[in-house]
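The figures that follow rest on heavy atoms only: side chains count, while hydrogens, waters and symmetry mates do not. We name chains A, B, ... by the order of the sequence lines, and we start the count at 1 in each one.
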Number of protein chains: 2
Amino acid sequence: MTTAPRPATERVRPDVGLRERKKLRAMRHIQEVALDLFDEHGYAAVTIERVAAEAEVSPSSIYRYFGTKEQLVLYDEYDPMILDMIDKEPAEVDPMEAIRRSISYIAKEILPGDEELIRRRMRYAWNEPAVRSGLVRQVEEAEAMIREGLARRTGKDGGDLELKVVSAALVGGFVAVLEYWHQTDYRDSLDAVLERAFDVLSGGLKLE
Amino acid sequence: MTTAPRPATERVRPDVGLRERKKLRAMRHIQEVALDLFDEHGYAAVTIERVAAEAEVSPSSIYRYFGTKEQLVLYDEYDPMILDMIDKEPAEVDPMEAIRRSISYIAKEILPGDEELIRRRMRYAWNEPAVRSGLVRQVEEAEAMIREGLARRTGKDGGDLELKVVSAALVGGFVAVLEYWHQTDYRDSLDAVLERAFDVLSGGLKLE
DNA sequence: CTGTCACTTGAGAGTCACTGTCAAAGGAGG
DNA sequence: CCTCCTTTGACAGTGACTCTCAAGTGACAG
């Protein structure tokens, strides 16, 4: 979500030095500690200060890394992945189909490995209002990017009503899928649920 | 001051006494004062304390009435109206059609009267992240109620995937409509934009 | 009208997420 | 090894939001 800190002077590859690796390691560690504490005492009862103490960093650093308390739960790297994949689909592919494929691919190939962690984080996304609205915000940003992708593919303007409606409906549907998946205790594979949802959406929201 | 005609016992309707009327009047007044201040100094720069002072109530009361700062902007009475209308549509009417009619009716008959105020409030909903997420939350509540309505009409369970996807896509589309309407400076009537959006949704999100 | 009851309001103190600043620490590059 | 510049931590706010308690004030009965 929050744009990465932009270095004043562009170095050659600011992404791979010791600094960057240290930062990523620290973030993973902090998130882990935070989730442990949240699991034990509840999200609301754990202060940032507490997390900072437990993770042995300063509260300032947590804010610099994550921006907000919700992001301690929500932070992950999937969104850019999906967008990247959509852009890599060949231009001839139908736009909706490109999205469908990309999301399915992630759901099938990447997520299963992290499923434990994902479930753990999802619980908060549906039980803590603050986390929930952070999730929605994140999804909205993804929506904007999907819309831009669709705009490029179709030649339409990004502010076009049709595009807005389509991408909003898509991400709305996606959130519904996550909610269903969560509430049915991850019974079916995410991919299977996604397929059913896509069918409903492209079938014109007909019920039955 | 003439005493209003007071029915002997009024236990049945605790909603119309002097207390309730005073409260509603106070809420309207506070919201007005708040919007004036926000317009003049910007949302973030105005504290609740300031609003309270200007409106001559205590900050505690503002929290009791509105709960959060965003609700000072977002509070209105349309949502229950729409839900009420949906429920009143005859049972034979196609569910989607019932929703479409109810929303259109409100957009056509009720909103134009308050359009000035609505626009004023919309500006904050799209420029202030906090207000925005409050709006989303409100819309999500409406979604839950729409879904229940659909469940009753179709005999499906409220947790059904199809139902979730349909209602989420609908409200997603609705938010997109509001955004489009706002960003195009309220050029077209809300009703007209809604019609176009409904067509896209029931056409299966086909682009072009 | 009047007293009692129950609900509402205001005052005040407290918590905590989040921000901005500044000096110190420590990688990056020569 | 040394200089630069980014990152870190310490610190001091700010303001949204919560809780509690005492005082005020409509509702209602007698």
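Scanning for salt bridge (charged side-chain N to carboxylate O under 4.0 Å, His left out) contacts around B/Arg28 gives an empty result, with sequence neighbours left out. Considering only residues two or more places apart in sequence or on other chains, B/Asp157 meets the salt bridge (charged side-chain N to carboxylate O under 4.0 Å, His left out) condition with none of them. By the side-chain hydrogen bond (donor to acceptor under 3.5 Å, both in side chains) test, A/Asp160 is found to be paired with no residue, residues two or more places apart in sequence or in another chain being considered. Every residue two or more places apart in sequence or in another chain that forms a side-chain hydrogen bond (donor to acceptor under 3.5 Å, both in side chains) with B/Arg152 is listed here: B/Asp87.
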Tabulate below the donor-acceptor pairs under 3.5 Å that side-chain atoms of residues 129-138 of chain B make, not counting sequence neighbours, or state none.
unit_1   : atom_1 : unit_2   : atom_2 : d
B/Arg132 : NE     : A/Glu140 : OE2    : 3.2
B/Arg132 : NH2    : A/Glu140 : OE2    : 2.8
B/Ser133 : OG     : B/Ala130 : O      : 3.2

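Within residues 28-45 of chain A, no residue has any heavy atom closer than 4.0 Å to DNA chain D. The stretch residues 46-67 of chain B comes close to DNA chain C through B/Val57, B/Ser58, B/Ser60, B/Ser61, B/Arg64, B/Tyr65, each having a heavy atom under 4.0 Å from the strand.
In this structure, A/Lys23 places its NZ atom 14 Å from P of C/dA28, rounding to the nearest Å. Taking atom NZ of residue A/Lys69 and atom P of nucleotide C/dC18, one finds them 8 Å apart after rounding to whole Å. Taking atom CG of B/Leu24 as the reference point, atom P of C/dT8 lies 13 Å away to the nearest angstrom. With rounding to whole Å, B/Leu18 atom CG is found 14 Å from D/dG24 atom C1'.
For residues 164-190 of chain B, the pairs satisfying ring pair (Phe, Tyr, Trp, His ring centres under 6.0 Å) are B/Trp126-B/His182, B/Trp181-B/Tyr186, B/His182-B/Tyr186, with sequence neighbours left out. The salt bridge (Lys or Arg N to Asp or Glu O under 4.0 Å) pairs that include a residue from residues 163-175 of chain B are A/Glu179-B/Lys164, where partners are two or more places apart or lie in different chains. Pairs engaging residues 44-55 of chain B under the salt bridge (Lys or Arg N to Asp or Glu O under 4.0 Å) rule: B/Arg50-B/Glu54 [sequence neighbours left out]. Identified under the salt bridge (Lys or Arg N to Asp or Glu O under 4.0 Å) test for residues 56-76 of chain B, with sequence neighbours left out: B/Asp76-B/Arg121.
Each of A/Arg19 and B/Lys22 was matched to the nucleotide of DNA chain D holding its nearest heavy atom; the match closer to the 5' end belongs to A/Arg19.
Electrostatic pairing of B/Asp36 and B/Arg120 counts as a salt bridge here, judged by a charged N lying under 4.0 Å from a carboxylate O.
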- Message: Using side-chain contact (heavy atoms from CB on, under 4.5 Å), reason through B/Tyr78 and B/Ile103 one step at a time and then give a plain yes or no.
- Response: CA-CA 10 Å; B/Tyr78 303 124; B/Ile103 296 184; over 6 Å; no
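Helix bend of the helix from C/dC1-D/dG30 to C/dG30-D/dC1: the angle between its two end axes, each built from five pairs, comes to 30° after rounding to 10°.
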